[in-house]
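To keep things clear, I will list the structure first and then write my remarks on it.
To find a chain, count down the sequence lines: A is the first, B the second, and so on, and within it residues start at 1.
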Amino acid sequence: MSDAKLPSHTEDFSEWYNQLVLRAELADYAPVRGCMIVRPYGWALWENIQQALDRRFKATGHVNAAFPLLIPKSFLEKEQAHVEGFSPELAVVTIGGGKELEEPLVIRPTSETIIGYAYAKWIKSYRDLPVLINQWNSVVRWELRTKMFLRTLEFFWQEGHTAHATYEEAAAETRQMLEVYTDFAVNEAAIPVIPGRKSDAERFAGADQTYSIEAMMGDGKALQAGTSHNLGQNFAKAFDIRYLDKRGELQYCWTTSWGLSTRFIGAIIMVHGDAQGLILPPRLAPFQVVVVPIFKTAEEKAIVMEAAQNLRTALVGAEVRVKLDEREGLTPGFKFNDWEMRGVPLRIEIGPKDVASRTVMLARRDQPGKAGKTAAQQDEIVTVVKALLVTIQQALYDRALAFRNANTHEPDDYEQFKSVVEKGFALSYWCGSSDCEAQIKEQTKATTRCVPLEQESREGVCIKCGQPAKEKVIFAKAY
RNA sequence: CGGGGCGUGGCUCAGCCUGGUAGAGCGCUCGGUUUGGGACCGAGAGGUCGGAGGUUCGAAUCCUCUCGCCCCGACCA
């Protein structure tokens with residue numbers, strides 16, 4: 001709340017983002033490089049994300065558990081690709097209780113290994129399968145370059161880990177959870193996403209197949225917003241996760257893992273935010289409605305506050321998350337701007353005139369200024385507010401989708417491709433060779449984001465080399 | 001790790017070149033007037049200049065080293 005204005009999000013998106021995170025009080029910098037303190041407002045948003053996801057996990061048969069933070073270093077080394085992928089970014093504990101440890105312990109960068117260890121102990125028979133466990137925790141990866149929410153040394157997430165009797169079951173689980181993430185992104189966060197398969201280069205260390213949902217941020221760059229891995233039998237073999245099948249034969253399990261992190265908060269900021277600040281989707285917003293009372297004299301204050309409290313009571317009773325701004329000494333205008341910056345989807349203004357006429361003024365966050373203002377009867381406030389929240393939720397999705405469509409192109413040739421990918425997505429045929437992928441990355445900074453699951457046709461030529469190609473791929477610069 | 005920028009009250013920064021022992025705006029506290037789109041006036045509190053060492057009668061200022069942060073690149077959810 002220091003300077004009046006944020007940096008322009010069209011001119012300096014990065015600085016706009018940094019300042020918004022701090023000023024909206026989502027998070028603050030920690031004393032350790034690359035770490036963040038999630039403040040109550042940011043955590044409330046995360047809790048709503050957690051609830052929306054956890055509901056879906058439970059509905060698909062998963063249960064929650066907790067595995068340890070510290071993992072024997074040797075565990076990480078059991079799966080070849082996994083160790084190669086993660087060893088550069090491990091934080092390792094070598095001293096405990098003042099003494100050098102016999103075996104160093106790594107702070108989990110992800111829990112495939114420790115869970116693999118546990119699953120090997122627990123799974124003996126096909127009757128034990130499937131195992132469908134999720135955990136909410138934080139992990140540490142020693143990233144070189146960090147940014148609030150998008151990439152921090154420690155981040156909060158959920159990681160689901162499942163074990164199955166067959167490849168088909170594991171594949172179905174992987175895809176099911178991708179669908180769960182898609183549903184969550186679209187229906188809770190109002191963020192349109194493209195579910196798809198990752199290229200070999202972009203695949204998770206130790207997975208046979210990685211799927212992701214990809215979203216377009218307000219600057220045209222892509223953000224991987226959730227991932228789901230089919231781990232094949234890689235970890236089953238490394239950790240000896242085996243079961244006896246119906247015929248009495250010993251089989252390796254098929255495992256999966258899937259995760260969505262606090263990075264998603266970054267996505268919400270960058271997809272919906274505007275020049276005024278955050279715009280939070282009603283279904284996830286810590287406060288869906290803020291009531292700003294307006295008065296001059298003590299008598300006015302008394303009647304306005306009473307009416308405002310009645311509004312709050314009515315809305316709370318209807319399970320609307322509402323905040324009554326009772327702060328003293330701040331002008332209504334200041335409060336308007338403050339809550340707009342913090343992204344509250346709907347504002348109710350109530351002053352002496354409204355009390356007299358039993359009305360209120362409603363202001364939509366997604367439509368700045370007069371355009372978003374309407375009057376409503378106090379008696380009908382619950383109905384009107386609930387309907388408006390649904391409308392706003394939908395409007396945010398529609399706007400994000402329109403923006404993505406406007407910035408997604410199917411270039412005819414490589415020259416066009418290069419300019420398209422400067423800001424936005426290119427949907428192009430790709431032959432599948434890592435060489436083309438690497439060259440494109442070097443020449444344009446754009447990487448393959450995913451091979452969308454939905455494909456129109458199945459024939460074309462690679463945008464880079466002109467060789468026959470079967471699938472279209474999303475290319476974009478990415479966070 | 002390479003390139004660039006920067007560390008001075010809570011925040012943004014001036015002062016540094018041309019050493020003399022610290023300033024502004026915002027925020028904060030108190031009082032008053034205000035309050036339908038970021039109010040105003042007055043009075044206060046608050047820093048020894050990222051850290052260490054050196055030069056000097058004297059260092060925020062000059063020198064050396066060091067730590068940290070931000071931005072851009074290579075790695076990543």
Taking the same atom, [atom1], in [N] and in [M], what whole-Å distance lies between them?
N     : M     : atom1 : result
B/A60 : B/G50 : C1'   : 12 Å
B/C28 : B/G68 : P     : 33 Å
B/C16 : B/C62 : C1'   : 10 Å
B/C11 : B/G27 : C1'   : 7 Å
B/A14 : B/U66 : C1'   : 27 Å
B/G31 : B/G9  : P     : 29 Å
B/U12 : B/U18 : P     : 29 Å
B/U8  : B/U48 : P     : 12 Å

message: Return whichever of A/P368 or A/F149 has its heavy-atom-nearest nucleotide of RNA chain B closer to the 5' end.
response: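 Its nearest nucleotide being more 5', the pick is A/P368.
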query: Relative to the 5' end of RNA chain B, which residue comes earlier, A/F155 or A/K370, by the nucleotide with the nearest heavy atom?
result: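 Residue closer to the 5' terminus by nearest nucleotide: A/K370.
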Searching all strands shown, indicate the nucleotide that pairs with [N] (Watson-Crick or G-U wobble; both distances under 3.5 Å).
N     : result
B/C16 : none
B/G68 : B/C6
B/U29 : B/A43
B/G53 : B/C63
B/A22 : none
B/C1  : B/G73
B/U34 : none

- prompt: Can we say A/D338 and A/K335 salt-bridge, meaning some charged N sits less than 4.0 Å from an Asp/Glu carboxylate O?
  reply: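 Salt bridge between A/D338 and A/K335, a charged N being under 4.0 Å from a carboxylate O: no.
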field: Carboxylate-amine/guanidinium contact A/E422 A/K477, below 4.0 Å
entry: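 Yes, charged N to carboxylate O under 4.0 Å.
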Nearest heavy atoms of [X] and [Y], plus distance in Å:
X      : Y      : value
A/R347 : A/V292 : CD-CG2, 3.9 Å
A/Q224 : A/S212 : CG-CB, 3.8 Å
A/L284 : A/N48  : O-ND2, 2.9 Å

message: Can you see whether A/F425 has A/R404 sitting over its ring - NZ or CZ less than 6.0 Å from the centre and within 45° of the normal?
response: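 No, a cation-pi geometry is absent between A/R404 and A/F425.
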task: Answer yes or no for A/R141 and A/W157: cation-pi contact, defined as NZ/CZ to six-membered ring centre under 6.0 Å and angle to ring axis within 45°.
output: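 Here A/R141 passes the 6.0 Å and 45° test against A/W157.
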task: With heavy atoms under 4.0 Å as the rule, sort A/E15 into base, sugar-phosphate or nothing.
output: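 A/E15: no heavy atom of the nucleic acid under 4.0 Å.
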- prompt: Heavy atoms under 4.0 Å, any strand shown: does A/T152 hit a base, just sugar-phosphate, or nothing?
  reply: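 Base, at least one base heavy atom under 4.0 Å.
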- request: Could I get the full list of side chain to side chain donor-acceptor pair (under 3.5 Å) partners for A/E79, not counting sequence neighbours?
  value: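 None.
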query: Out of A/T174, A/T255, A/T210, which one pairs with A/H229 under the side-chain hydrogen bond (donor to acceptor under 3.5 Å, both in side chains) rule?
result: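 Among A/T174, A/T255, A/T210, the one that satisfies the side-chain hydrogen bond (donor to acceptor under 3.5 Å, both in side chains) with A/H229 is A/T210.
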Tabulated below should be each protein N or O lying under 3.5 Å from an N or O of nucleotides 73-75 of chain B; please produce it.
from: B/G73; atom 1: OP2; to: A/R145; atom 2: NH1; distance (Å): 3.0
from: B/C75; atom 1: OP2; to: A/K441; atom 2: NZ; distance (Å): 3.3

- request: Start with the C-alpha gap between A/V193 and A/Y181, add the side-chain angles, then the distance that decides, and say whether side chain to side chain contact (heavy atoms under 4.5 Å, CB included) holds.
  value: CA-CA 9 Å; A/V193 293; A/Y181 289 150; over 6 Å; no
- prompt: Side chains of A/T110 and A/R108: is there a donor and an acceptor less than 3.5 Å apart?
  reply: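 Per modelled atom types, A/T110 and A/R108 side chains form no pair under 3.5 Å.
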So which protein nitrogen or oxygen atoms get under 3.5 Å of nucleotides 40-42 of chain B's nitrogens or oxygens?
none

Tell me: [atom1] of [X] to [atom2] of [N], nearest whole Å?
X      : N     : atom1 : atom2 : result
A/K147 : B/C72 : NZ    : C1'   : 11 Å
A/L150 : B/C72 : CG    : C1'   : 16 Å
A/N18  : B/C11 : CG    : P     : 16 Å
A/D325 : B/G38 : CG    : C1'   : 13 Å
A/F334 : B/C26 : CZ    : P     : 14 Å
A/L22  : B/C26 : CG    : P     : 22 Å
A/R327 : B/G38 : CZ    : P     : 15 Å
A/D338 : B/A39 : CG    : C1'   : 16 Å

- request: Select one nucleotide: of B/C70, B/G38, B/C71, the one nearest the side-chain heavy atoms of A/Y29.
  value: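 Selected nucleotide: B/C70.
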- request: Sequence neighbours left out, what passes side-chain contact (heavy atoms from CB on, under 4.5 Å) with A/N337? Give chain and number order.
  value: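 Once residues adjacent in sequence are excluded, the partners of A/N337 under the side-chain contact (heavy atoms from CB on, under 4.5 Å) criterion are A/Q276, A/E340.
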- request: Return the orientation label for the A/H82 and A/F235 ring planes: parallel under 30°, perpendicular over 60°, tilted otherwise.
  value: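 Plane angle over 60°, so perpendicular.
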message: Does the plane of the ring in A/F287 sit parallel, tilted or perpendicular to the ring in A/W339? Use 30° and 60° as the thresholds.
response: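 Aromatic pair A/F287/A/W339 classed perpendicular.
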Look for any protein N or O under 3.5 Å of an N or O in nucleotides 29-36 of chain B and output each such pair with its distance, or none.
from: B/U35; atom 1: O2'; to: A/F295; atom 2: O; distance (Å): 3.3
from: B/U35; atom 1: O4; to: A/K296; atom 2: O; distance (Å): 3.2
from: B/G36; atom 1: O6; to: A/P352; atom 2: N; distance (Å): 3.2
from: B/G36; atom 1: O6; to: A/K353; atom 2: N; distance (Å): 2.8
from: B/G36; atom 1: N1; to: A/D354; atom 2: OD2; distance (Å): 2.4
from: B/G36; atom 1: N2; to: A/D354; atom 2: OD2; distance (Å): 3.0

message: Check this for me: A/R321, atom CZ, are more than 12 non-hydrogen atoms of other residues, nucleotides or ligands nearer than 6.0 Å?
response: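 Yes, because the 6.0 Å sphere around CZ of A/R321 holds more than 12 heavy atoms from other groups.
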query: In terms of heavy-atom contacts, does CH2 of A/W43 have more than 12 from other residues, nucleotides or ligands at under 6.0 Å?
result: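 Yes, because the 6.0 Å sphere around CH2 of A/W43 holds more than 12 heavy atoms from other groups.
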task: Kindly state which residues belonging to residues 194-215 of chain A come within less than 4.0 angstrom of RNA chain B, counting heavy atoms of the residue only, listed by number.
output: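 Under 4.0 Å from RNA chain B: no residue of residues 194-215 of chain A.
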